[in-house]
Peer 1: 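I'd like to ask some things about the structure below.
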Protein chains: 2
Amino acid sequence: MGKKYGEKHKVGYYECDVTGHMTQPAMLAVAIEISEAQSAALGRDSHFVQSLGVTWIITNYQITYNRLPRALETITVSTMAMEYNKFFCYRNFWLEDEAGNELVKIEAVFALMDLNTRKVATVSDEIIAPYGSEKVKKIRRYPKLAKVEAEKGASQPYRVRFYDIDNNHHVNNSVYFTWIFDVLGYDFLSSHTPLSTAIRFEKEVEYGNQVESHYQIVETAEGTIETRHEIRCGDVVCCEANIVWQKA
Amino acid sequence: MGKKYGEKHKVGYYECDVTGHMTQPAMLAVAIEISEAQSAALGRDSHFVQSLGVTWIITNYQITYNRLPRALETITVSTMAMEYNKFFCYRNFWLEDEAGNELVKIEAVFALMDLNTRKVATVSDEIIAPYGSEKVKKIRRYPKLAKVEAEKGASQPYRVRFYDIDNNHHVNNSVYFTWIFDVLGYDFLSSHTPLSTAIRFEKEVEYGNQVESHYQIVETAEGTIETRHEIRCGDVVCCEANIVWQKA
């Protein structure tokens with residue numbers, strides 16, 4: 001495990017939805033901001049990384065929610081580079097309340113993409129050493145995501161907007177969450193709260209694309225509800241997710 | 001003039017567009033957050049106001065930009081209730097850099113809407129007294145906004161999303177800016193910077209609505225560029241704006 005880095009954050013109304021809870025895109029935005037602050041403090045900001053011809057991408061998130069942060073609550077957002085192997089870096093994020101209780105835990109898988117070839121590059125010591133995380137041989141395997149069944153899903157189109165593009169000229173990862181959550185609609189979102197999210201990013205979506213956000217709602221044997229998601233750009237699946245919910 | 005209230009704010013990457021400058025929706029979000037903090041400090045938060053059967057709405061913004069805030073810059077966001085009359089409250093916001101230079105000035109016109117009739121209510125002393133602003137007779141008149149010419153505009157549809165609805169169950173005012181700016185497209189937005197914005201909100205847009213964001217780009221005699229905007233819901237104009245730009 002590497003060095004832990006954290007900052008306090010007061011949750012703004014504008015980071016919350018109609019229920020007064022912090023939105024998933026806002027949670028990821030503050031989490032990623034904290035990891036960028038840590039990288040800058042360690043002399044490994046995005047300019048440095050890009051000067052080596054690569055840029056960070058995120059391939060997976062596994063998120064568990066004990067309780068969603070609320071408007072005007074002061075939370076602590078912290079992060080730690082846990083371990084890495086030849087291709088992947090495993091980094092955790094924690095959102096905690098003022099008493100130190102864990103509200104949300106985000107396990108993220110980062111990789112480096114070669115800026116010329118757009119393919120995954122190996123993780124170099126020059127980039128990773130300052131974080132103090134452990135090198136491991138093992139590549140983590142995550143449970144397979146349940147697919148949207150062909151005849152049982154529904155979908156809605158979303159166009160990539162100017163503000164969806166971040167300063168790396170990519171569609172920011174948090175935007176996929178907007179497409180995935182929004183398609184479930186007001187009635188569902190205002191009456192359910194997430195317990196866990198597993199999401200995998202497969203292909204980059206670009207400015208000017210229109211995506212289809214496919215979803216299916218499944219009641220599980222345990223009495224919870226699972227939603228299955230695919231973001232498709234034409235015939236290509238760009239992102240898949242499974243979310244487990246309970247009634248709010 | 002009333003009491004001034006301000007807080008420091010570190011501009012996050014996630015509040016910035018691809019040019020690394022703070023987006024207009026993000027600027028408004030932090031500004032409104034500050035005025036809500038002032039209201040809470042004065043015992044006039046939204047719960048108190050709504051307990052009187054009314055809620056704040058914003059009818060106009062006049063915004064002037066000297067320089068847009070940049071990612072990771074610490075700015076001071078402050079606000080002051082300037083004056084009010086029977087129906088309108090005039091409140092200014094300032095975004096300043098660390099040296100105290102004014103970056104952005106926002107003049108906002110607030111009114112109270114009756115929660116039952118959805119019509120404008122009179123401004124009561126009970127609500128406004130703690131702000132210490134001056135009562136005036138005069139109702140300010142703002143310059144008429146130039147309209148999109150019927151044959152010279154273009155438009156794009158936007159659907160109201162779940163995250164566009166704020167905790168007052170309204171489409172947040174900052175969302176209109178997303179529709180107005182986004183329709184101009186990547187090439188325009190990445191090569192122009194705004195000098196001023198005048199915007200008027202006329203009708204509420206609701207969740208489930210699809211709006212059309214109409215616009216027209218006009219070169220002015222002074223060598224600047226003016227964009228004219230209308231957000232329409234069916235045949236109804238819900239919001240109008242004029243923005244003056246210069247090449248970035």
Side-chain angles (χ1 to χ4, degrees), chain A residues 7 9-21 23-34 36-37 40 45-46 70-72 156-175 177-179 181-190 206-208, chain B residues 7 9-21 23-34 36-37 40 45-46 70-72 156-175 177-179 181-190 206-208:
Chain A
E7 286 183 20
H9 177 80
K10 187 182 166 191
V11 180
Y13 277 115
Y14 62 96
E15 296 172 325
C16 294
D17 65 23
V18 70
T19 72
H21 294 99
T23 70
Q24 183 61 69
M27 288 190 268
L28 283 174
V30 298
I32 294 301
E33 198 81 15
I34 289 294
E36 288 180 344
D45 69 7
S46 60
R70 286 189 277 257
L72 302 190
Q156 207 161 260
Y158 292 86
R159 195 174 50 235
V160 178
R161 298 176 176 180
F162 182 70
Y163 291 144
D164 297 339
I165 311 286
D166 63 22
N167 62 332
N168 291 324
H169 293 251
H170 300 137
V171 173
N172 192 282
N173 288 88
S174 67
V175 176
F177 282 87
T178 302
W179 299 331
F181 277 65
D182 185 68
V183 75
L184 296 170
Y186 185 96
D187 291 342
F188 185 92
L189 293 169
S190 58
E206 293 178 358
Y207 181 77
Chain B
E7 286 183 20
H9 177 81
K10 187 181 166 193
V11 180
Y13 278 115
Y14 61 96
E15 296 172 324
C16 294
D17 65 23
V18 70
T19 72
H21 293 100
T23 70
Q24 184 60 72
M27 288 190 268
L28 283 174
V30 298
I32 294 301
E33 197 81 15
I34 290 294
E36 288 181 345
D45 68 7
S46 60
R70 285 190 277 259
L72 302 190
Q156 209 161 260
Y158 292 86
R159 195 176 50 235
V160 178
R161 298 176 176 180
F162 181 70
Y163 291 144
D164 297 338
I165 310 287
D166 62 23
N167 61 333
N168 291 323
H169 294 252
H170 300 138
V171 173
N172 192 281
N173 288 89
S174 66
V175 175
F177 281 86
T178 303
W179 299 332
F181 277 64
D182 185 68
V183 75
L184 296 169
Y186 185 97
D187 291 343
F188 185 92
L189 292 169
S190 58
E206 294 178 357
Y207 181 77

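No experiment lies behind these values; they were computed from the predicted model shown. Naming convention: chains lettered A, B, ... in sequence-line order (proteins, then strands); numbering from 1 in each chain.
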Peer 1: Can you name the nearest heavy-atom pair linking Val18(A) to Asp166(B), along with the distance?
Peer 2: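 In this case the closest contact between Val18(A) and Asp166(B) is CG2-O, 3.4 Å.
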Peer 1: If you compare all heavy atoms of Arg159(B) against all heavy atoms of Arg161(A), which two are closest, and at what distance to 0.1 Å?
Peer 2: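 Residues Arg159(B) and Arg161(A), closest heavy atoms: O-NH2, 4.1 Å.
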Peer 1: Name the option with the most non-hydrogen atom pairs under 4.5 Å to chain A; the candidates are Glu15(B), Glu33(B), His170(B).
Peer 2: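 Winner by heavy-atom pair count: Glu33(B).
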Peer 1: Could you have a look at Gly20(B), Ser174(B), Pro25(B) and say which one has the most heavy-atom pairs with chain A under 4.5 angstrom?
Peer 2: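 Top count of heavy-atom pairs under 4.5 Å with chain A: Pro25(B).
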Peer 1: Below 4.5 Å from any heavy atom of chain A, which atoms of Tyr207(B) appear? Answer side chain, backbone, both or neither.
Peer 2: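 For Tyr207(B), the side chain is the part near chain A, not the backbone.
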Peer 1: Table please: side-chain donor-acceptor pairs of residues 181-189 of chain B below 3.5 Å, with sequence neighbours left out.
Peer 2:
unit_1	atom_1	unit_2	atom_2	d
Asp182(B)	OD1	Phe162(A)	N	2.6
Asp182(B)	OD2	Tyr158(B)	OH	2.6
Tyr186(B)	OH	His169(A)	ND1	3.2

Peer 1: At a heavy-atom separation under 4.5 Å, does Leu28(A) approach chain B through its side chain, its backbone, both, or neither?
Peer 2: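 Leu28(A) has no heavy atom closer than 4.5 Å to chain B.
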Peer 1: Under 4.5 Å from any heavy atom of chain A, what part of His21(B) do you find: side chain, backbone, both or neither?
Peer 2: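 Neither part.
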Peer 1: Side chain from CB out, backbone as N, CA, C, O: work out which of these in Asn172(A) comes under 4.5 Å of a heavy atom of chain B, or both, or neither.
Peer 2: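 Interface part for Asn172(A): neither.
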Peer 1: Answer with side chain, backbone, both or neither: which region of Thr178(A) has an atom nearer than 4.5 Å to a non-hydrogen atom of chain B?
Peer 2: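 When you check distances to chain B, atoms from both the backbone and side chain of Thr178(A) fall under 4.5 Å.
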